[in-house]
Amino acid sequence: MSHGAGLVRTTCSSGSAFGPGAGAGRRGASPSEGPLDAAYPRTPGALLKVAQMVTLLIAFICVRSSPWTGYSAYRYFEVVTICNLIMILAFYLVHLFRLYRTLTCISWPLSVFGFMATFLCLASVWLSYKISCVTQSTDAAV
């Protein structure tokens, strides 16, 4: 039984204003009110992002200002904290300026896992390279 051709609306795209609760969103969520989402900084997700950024910045400053910064573990910690701080700041700005509406080709919930997987892969390659070089130079000296 066919009802004829019709318009099918899905909620898969983050750029769509249709779907369940489209008209019942929070105040300031309509695209006609400008690019800045004034209500976002008060949401729990935004507050958690700010807390993460502050914690990472404090951790970076503590390690950076310690007198024992010559170890490679400290440098690795500094790189990890700054990379995470930049990543969280980027996601905060994406939500604050509603860029997720214009960049619908990216699955935003999955992008966090993609970034983490890429970072872990690069860290694994770097660490395996560093360990193999340190092992070879130690063997050559003995």
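We number each residue from 1, following the sequence as shown.
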Ile58: what forms a side-chain contact (heavy atoms from CB on, under 4.5 Å) with it, not counting sequence neighbours? Val54, Cys62

Do the side chains of Val79 and Leu57 join up, straight or via other hydrophobic residues, at under 4.5 Å, putting them in one cluster? no

Can you sort out the partners of Ser107 under side-chain contact (heavy atoms from CB on, under 4.5 Å), two or more places apart, ordered by chain and number? Pro109, Leu110

Could you tell me the separation between the CG atom of Leu96 and the CZ atom of Phe91, rounded to the nearest 0.5 Å? 15.0 Å

I want to check something: taking the side chain as every heavy atom from C-beta on, are His95 and Asp37 in contact at a cut-off of under 4.5 Å? no

The ring-ring contact (aromatic ring centres under 6.0 Å, His included) partners of Tyr92 (sequence neighbours excluded) come to Tyr40

Pick from Val80, Ile82, Thr81: which one makes a side chain to side chain contact (heavy atoms under 4.5 Å, CB included) with Asn84? Val80

hydrophobic_cluster_shared for Leu48 and Leu85, side chain cutoff 4.5 Å: no

Grab the two heavy atoms, one from Pro41 and one from Leu47, that are nearest each other, plus how far apart they are. O-CD2, 3.5 Å

